[in-house]
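When a ligand or atom number is given, it counts from 1 through the structure's own listing order.
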Amino acid sequence: KEKVKITKEQQALMKVVVEAYNRHQIPQDVAKKLLQEQYSEEENFLLLTEMATSQVQVLVEFTKNIPGFLSLNHEDQIALLKGSAVEAMFLRSAQVFSRKMPNGHTEVLEERIRKSGISEEFMTPMFNFYKSIGELHMMQEEQALLTAIAILTPDRPYVKDQQAVERLQEPMLDVLRKLCVLQHPQEPQYFARLLGRLTELRTLNHYHAEMLTSWRMNDHKFTPLLCEIWDVE
Ligand SMILES: CC(C)NC(=O)n1c(-c2ccccc2)cc2c1CN(S(=O)(=O)c1cccs1)CC2
């Protein structure tokens, strides 16, 4: 059985990505607000708008710290950010949702999200995803690398130089694969399960587009940043 070894430069790459991931966290006070006293549907929606807007800012800062990203063609940088924004939001949501919270908090959080004006039909796939991420008990290195891998997806719409994006994504996939083998020796399928979550994420893109349409119907307002990153209005 070949001994899997993470090289010095892979160690360095992982360190940069994990530090960037941890440096750019959503302000806890915003997440805490969701757990505080009873909110109306309208206020829950506004809170999610605030959290999602803050997360997009965090996403942009994290992405700028991915080695090589800023050397990509500028239009491609925008195409990758817009193409991955919703997936990164769902991935971050799943990580926030499956974080160990004082007992009862997860249920309160779920309640607030369910009462925020999002149509019932999107709740099941959304919460199924949160739970499927939670079951993986991902380490923060895995969370950071998986988010970077999702952002560096070469076949997003309008990406011109896909090879350049592949050249950035492949080293991330290599180090994540080795990390999974080293951290989960008794679960050889773990890396494949992580990548399977990325496939599940893509289906959530579709649900999100439908959510947006239904919100627009009942005249829900979003922030300029969300409108820009989601291409609405
Ligand atoms: C952590 C942040 C990024 N999560 C977040 O904002 N959530 C969370 C969520 C999940 C777990 C814990 C805490 C929060 C659920 C939902 C959203 C946002 N979206 S949205 O972006 O479509 C939206 C924006 C405005 C109105 S609806 C709807 C669903």
Side-chain angles (χ1 to χ4, degrees), residues 21-36 39-63 81-136 138 140 143-144 146-147 150-151 197 200-233:
Y21 188 74
N22 291 334
R23 198 171 337 123
H24 305 299
Q25 291 278 2
I26 292 172
Q28 273 316 313
D29 56 324
V30 182
K32 252 193 239 92
K33 271 191 197 168
L34 258 182
L35 291 166
Q36 266 146 25
Y39 282 115
S40 70
E41 185 174 293
E42 194 50 42
E43 281 170 0
N44 283 344
F45 184 86
L46 282 177
L47 263 174
L48 291 180
T49 304
E50 190 182 337
M51 288 184 81
T53 302
S54 152
Q55 189 266 338
V56 170
Q57 289 156 343
V58 164
L59 172 71
V60 171
E61 285 316 304
F62 170 65
T63 304
L81 268 172
K82 291 177 73 145
S84 63
V86 170
E87 291 178 20
M89 184 273 292
F90 279 121
L91 200 47
R92 171 69 78 182
S93 299
Q95 287 151 6
V96 170
F97 192 74
S98 36
R99 193 175 293 161
K100 192 80 203 81
M101 282 188 270
N103 54 4
H105 279 204
T106 306
E107 290 69 25
V108 166
L109 192 52
E110 177 156 354
E111 193 51 32
R112 296 274 179 283
I113 295 159
R114 288 187 183 279
K115 284 205 176 53
S116 61
I118 297 171
S119 335
E120 197 41 47
E121 66 194 284
F122 307 125
M123 288 302 166
T124 312
M126 202 164 70
F127 281 101
N128 285 348
F129 179 71
Y130 297 164
K131 291 189 178 72
S132 72
I133 288 285
E135 281 156 10
L136 289 169
M138 287 167 69
Q140 61 172 5
Q143 290 181 16
L146 198 66
T147 304
I151 294 162
R197 298 286 74 81
E200 192 179 347
L201 262 181
R202 287 196 175 219
T203 64
L204 290 174
N205 270 326
H206 160 77
Y207 281 114
H208 190 264
E210 309 240 323
M211 282 194 214
L212 283 180
T213 323
S214 64
W215 282 317
R216 306 267 310 300
M217 239 84 100
N218 357 354
D219 191 27
H220 277 102
K221 283 272 157 283
F222 294 105
T223 56
L225 183 57
L226 289 180
C227 292
E228 168 136 14
I229 202 96
W230 293 341
D231 265 344
V232 290
E233 263 146 357

Ranked by distance from atom 2 (C) of ligand 1, the top protein heavy atom is Ser93 OG, 3.8 Å
In ligand 1, the atoms that come under 4.0 Å of a heavy atom of Gln55 are 3 (C)
With a 3.5 Å distance limit and no angle check, can you tell me whether Ser40 reaches the backbone of Glu43 through a side-chain donor-acceptor pair? yes
Review point. Are the charged groups of Glu200 and Arg197 less than 4.0 angstrom apart, N to O?
Key: yes
of all protein heavy atoms, closest to atom 22 (O) of ligand 1 is His208 NE2, 2.8 Å
* Can you tell if the side chain of Glu87 reaches within under 4.5 Å of the side chain of Leu204, non-hydrogen atoms only? -> no
With heavy atoms and a 4.0 Å threshold, my read on which part of Ile113 contacts ligand 1 is side chain
**OP:** Report yes if the side chains of Val60 and Gln57 come closer than 4.5 Å at any heavy-atom pair, otherwise no.
**Re:** no
Atom 15 (C) of ligand 1: closest protein heavy atom, distance to 0.1 Å, is Tyr130 OH, 3.4 Å
Judged by heavy atoms only, the candidate from Leu46, Thr49, Val56 nearest atom 25 (C) of ligand 1 is Thr49
Of all protein heavy atoms, the one nearest atom 28 (C) of ligand 1 is Ile118 CD1, 3.7 Å
| query | So, does Phe127 sit close enough to ligand 1 that a heavy atom of it is under 4.0 Å from the ligand? | reply | no
When you measure from the side chain of Thr147 to the backbone of Gln143, do you find a donor-acceptor pair of N or O atoms at a distance under 3.5 Å?
yes
If you compare Met211, Lys221, Glu50, Met51 by their heavy atoms, the one closest to atom 14 (C) of ligand 1 turns out to be Met51
Within the 4.0 Å heavy-atom cut-off, what Leu109 brings close to ligand 1 is side chain
Closest to atom 23 (C) of ligand 1 among protein heavy atoms sits Trp230 CH2, 3.9 Å
Under 3.5 Å, sequence neighbours excluded: what are the donor-acceptor pairs made by side chains of residues 120-129?
unit_1	atom_1	unit_2	atom_2	d
Asn128	ND2	Thr124	O	3.4

task: May I ask you to check whether over 12 heavy atoms, not counting those of Glu228, lie within 6.0 Å of atom CD?
output: no
Applying ring pair (Phe, Tyr, Trp, His ring centres under 6.0 Å) to Tyr21 and not counting sequence neighbours gives Phe62
among protein heavy atoms, the one nearest atom 27 (S) of ligand 1 is Trp215 CH2, 3.3 Å
Contact check, Phe222 vs ligand 1, heavy-atom distance below 4.0 Å | yes
Whether Tyr130 and Phe97 hold their rings parallel, tilted or perpendicular, with breakpoints at 30° and 60°: tilted
Taking every heavy atom of Gln55 against every heavy atom of Ala85, the minimum-distance pair comes out as OE1-O, 4.5 Å
Atom 26 (C) of ligand 1 sits nearest the protein heavy atom Phe45 CE1, 3.4 Å
Atom 18 (C) of ligand 1 sits nearest the protein heavy atom Met89 SD, 3.7 Å
